[in-house]
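Structure, as structure tokens:
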Protein chains: 2
Amino acid sequence: MRSTHSTEDRTTRARIRDAAIARFGESGFDKATVREIAAAAGVSPALVLHHFGSKEGLRAACDEFVVARFKQGKEEAVRSGSTDPLAALAGYADAVPHLRYLSRALGDGTPAAARLFDDMVRESEEVMALGVEAGMLKPSRHPYDQAVVLVAWQLGGLVLFEHVARRFGGEAFATEVAARYTRAAVEVLTEGTFADTRFEDAWESVDFVDERPPPEGREQVDVTDGSDDDAVAG
Amino acid sequence: MRSTHSTEDRTTRARIRDAAIARFGESGFDKATVREIAAAAGVSPALVLHHFGSKEGLRAACDEFVVARFKQGKEEAVRSGSTDPLAALAGYADAVPHLRYLSRALGDGTPAAARLFDDMVRESEEVMALGVEAGMLKPSRHPYDQAVVLVAWQLGGLVLFEHVARRFGGEAFATEVAARYTRAAVEVLTEGTFADTRFEDAWESVDFVDERPPPEGREQVDVTDGSDDDAVAG
DNA sequence: GAGTGTGTTGAACGCATGTTCAGTATACTA
DNA sequence: TAGTATACTGAACATGCGTTCAACACACTC
């Protein structure tokens, strides 16, 4: 019996969630207000709380939705052979708000951000191992550490993409900025930038443990609730 | 006639500023309250506003201070030959709050963050040009773009350092985490990770402009005010 | 000692925010 | 038609926030 009133193509709940993703992405979680989000979705502030319990609940719903969406897009990217989700996603114009949201979430220290980071490290490690086997990637002396660093760079570039775009004279999340970014990134990841192994040798002599931390104990949250938000209303 | 009351080793103003840097760094600008900061500094909330005019003024003062401090540390790092300020700064235990603050500022979208980013790009470009001349760095096809990307990665790694540390099983901004991070980073920057030039060639064929954006027009703010905050009181 | 300026405080103000709640409208069930 | 569940609203509440302001304490000048 969902959405007895709304005759739109999407559920009211989905409209609110999308408006929240947009507002959170632009202003950040704290600065974005429930009233703003409600207005953007064309509903009353009370309805937002009616559907999501609290502002924090709304954030959790947005987190789930965006992370799931991102994961899905990433699988496609892996399938196509690219390791940079930024480039893979930049094509989809409607994914930009989600990228923006993700960028904010990573900076805000949302619980979902940690989950996303850990997931990406795990998957990157797998993908990179496969890449090494296939002769596409060079083997690393510290595969796990390298996966962590590369994920940090990828997501870090996402968080600071606004600045990258400004330096490139384009708008944030514009396709050509993303392409230019990727071109430079790929060059570095192919050629390297140090001419000799001076630094590498120096740091290699430092002997640190190469172990993963104890198993993460993060519960794998399943994305059941709200998955039918976009269902058509009667 | 500064600080007629306080008999501490530092000015009250400096104590407030340091407390603010710590609180902003831990909770972020929005969540950190003037009352909290005042309590941490051992003064009344009203005094905070008396000294800095507003919370935003306090943020500006913190920005100036940290950016200046960071710039200074970076110069030393360049002099020592390292291009990674994270590693260069990690040694100074008392710099950790500043790193934490910087990490937050970059995520919050503080005006100072843009200034810092732009400064770093400019300086990185210079340093990298020198490095190429000296035969220490490989020449890039797109030196400016490469500088932008490397700065984005450096600072992005800083923003997400909390997650890097978690994956490495250490505390954020711990020295050994920083070392492990640097080791992996240096490996990638020396060897690259792609085994062949497949991706590089593909992206190189995309023809984008390599120009810098129009001159930035950002006024170079001079750090005169508050520079004597740490002066000893009579 | 009077006058002045600065550091400092406690209490209050005004405002925006997240949240609650009583109540209305609509759709479905029987 | 009556009953019930759900979507939805307007108005209000409580709280925490940044900020203001009148007053006090101390140091300095004359």
Side-chain angles (χ1 to χ4, degrees), chain A residues 1-20 23-24 26-62 108 110 225-226 228-234, chain B residues 1-20 23-24 26-62 108 110 225-226 228-234:
Chain A
M1 313 299 151
R2 199 170 252 168
S3 82
T4 49
H5 287 191
S6 54
T7 53
E8 326 290 333
D9 53 340
R10 288 176 307 160
T11 312
T12 308
R13 195 185 142 99
R15 257 190 303 130
I16 296 174
R17 189 238 299 130
D18 289 347
R23 299 307 306 142
F24 285 158
E26 281 167 34
S27 318
F29 179 74
D30 290 316
K31 278 186 184 169
T33 71
V34 173
R35 282 170 232 268
E36 264 181 12
I37 295 167
V43 297
S44 70
L47 189 61
V48 175
L49 283 308
H50 169 71
H51 276 301
F52 297 95
S54 67
K55 192 187 181 185
E56 191 59 43
L58 177 57
R59 190 228 283 261
C62 293
D108 283 1
T110 310
D225 171 59
D228 58 333
D229 284 352
D230 294 289
V232 187
Chain B
M1 308 301 156
R2 195 171 254 172
S3 81
T4 48
H5 287 188
S6 55
T7 53
E8 327 289 333
D9 52 341
R10 288 175 307 159
T11 313
T12 307
R13 195 185 141 97
R15 254 188 307 127
I16 295 173
R17 188 239 298 130
D18 289 347
R23 298 307 306 142
F24 286 158
E26 280 168 33
S27 317
F29 180 74
D30 289 317
K31 278 186 183 169
T33 72
V34 172
R35 286 166 167 85
E36 265 181 11
I37 295 167
V43 298
S44 69
L47 190 60
V48 176
L49 282 308
H50 170 71
H51 276 301
F52 297 94
S54 67
K55 193 187 180 185
E56 191 58 45
L58 176 58
R59 189 227 282 260
C62 292
D108 283 2
T110 311
D225 170 60
D228 56 334
D229 284 350
D230 294 288
V232 187

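Residue numbers begin at 1 in each chain, while the letters A, B, ... track the order of the sequences.
For A/Ile37 and C/dG18, the CD1 to C1' distance is 11 Å, given to the nearest whole Å. Between the CD atom of B/Glu36 and the P atom of D/dC17 there is a distance of 7 Å, given to the nearest Å. One atom, CZ of A/Phe52, and another, P of D/dC8, lie 11 Å apart when rounded to the nearest Å. Distance A/Leu47 CG to C/dT26 C1': 14 Å, rounded to the nearest Å. We find that CZ of A/Phe29 is positioned 13 Å from P of C/dT17, with the value rounded to whole Å. Atom CZ in A/Phe24 sits roughly 12 Å away from atom C1' in C/dG18 (whole-Å rounding).
Under 3.5 Å, the side chain of B/Arg35 and the base of D/dG18 form at least one donor-acceptor pair of N or O atoms.
Rounded to the nearest 0.5 angstrom, B/Ile16 CD1 and B/Leu47 CG are separated by 4.5 Å. B/Phe29 CZ to B/Lys55 NZ: the interatomic distance, rounded to the nearest 0.5 Å, is 5.0 Å.
Distances were taken from every side-chain heavy atom of A/Lys55 (C-beta onward) to each of C/dT9, C/dT19, D/dG18; the shortest belongs to C/dT19. Nearest nucleotide to the side chain of A/Leu49, out of C/dT20, C/dT9, D/dC8: C/dT20. In this structure, of D/dG18, C/dT19, C/dG10, it is C/dT19 that holds the atom nearest to the side chain of A/Ser54. Set against C/dC21, D/dC8, D/dG18, the side chain of A/His51 has D/dC8 as its closest nucleotide.
Shown here for B/Arg17 and B/Cys62, the closest heavy-atom pair between the two residues is O-SG, 3.8 Å. The minimum heavy-atom distance linking A/Ala41 with A/Arg15 is given by the pair O-NH1, 2.7 Å.
At a threshold of 4.0 angstrom between heavy atoms, the contacts of A/Ala38 with the nucleic acid are absent. Using a 4.0 Å heavy-atom distance criterion, B/His50 is classed as a base contact. If you check every strand for non-hydrogen atoms under 4.0 Å, A/Ser44 touches a base.
A residue-by-residue look at A/Gly53 and B/Ala46 shows that B/Ala46 has its nearest nucleotide of DNA chain C further toward the 5' end. Projected onto DNA chain C by closest heavy-atom contact, B/Pro45 and A/Asp30 fall at different nucleotides, the more 5' of which corresponds to B/Pro45.
Looking at B/Thr33, its side chain does come within 3.5 Å of a backbone N or O of B/Glu36 through a donor-acceptor pair.
For D/dC8, the OP1/OP2 oxygens have a side-chain nitrogen or oxygen of A/Thr12 closer than 4.0 Å.
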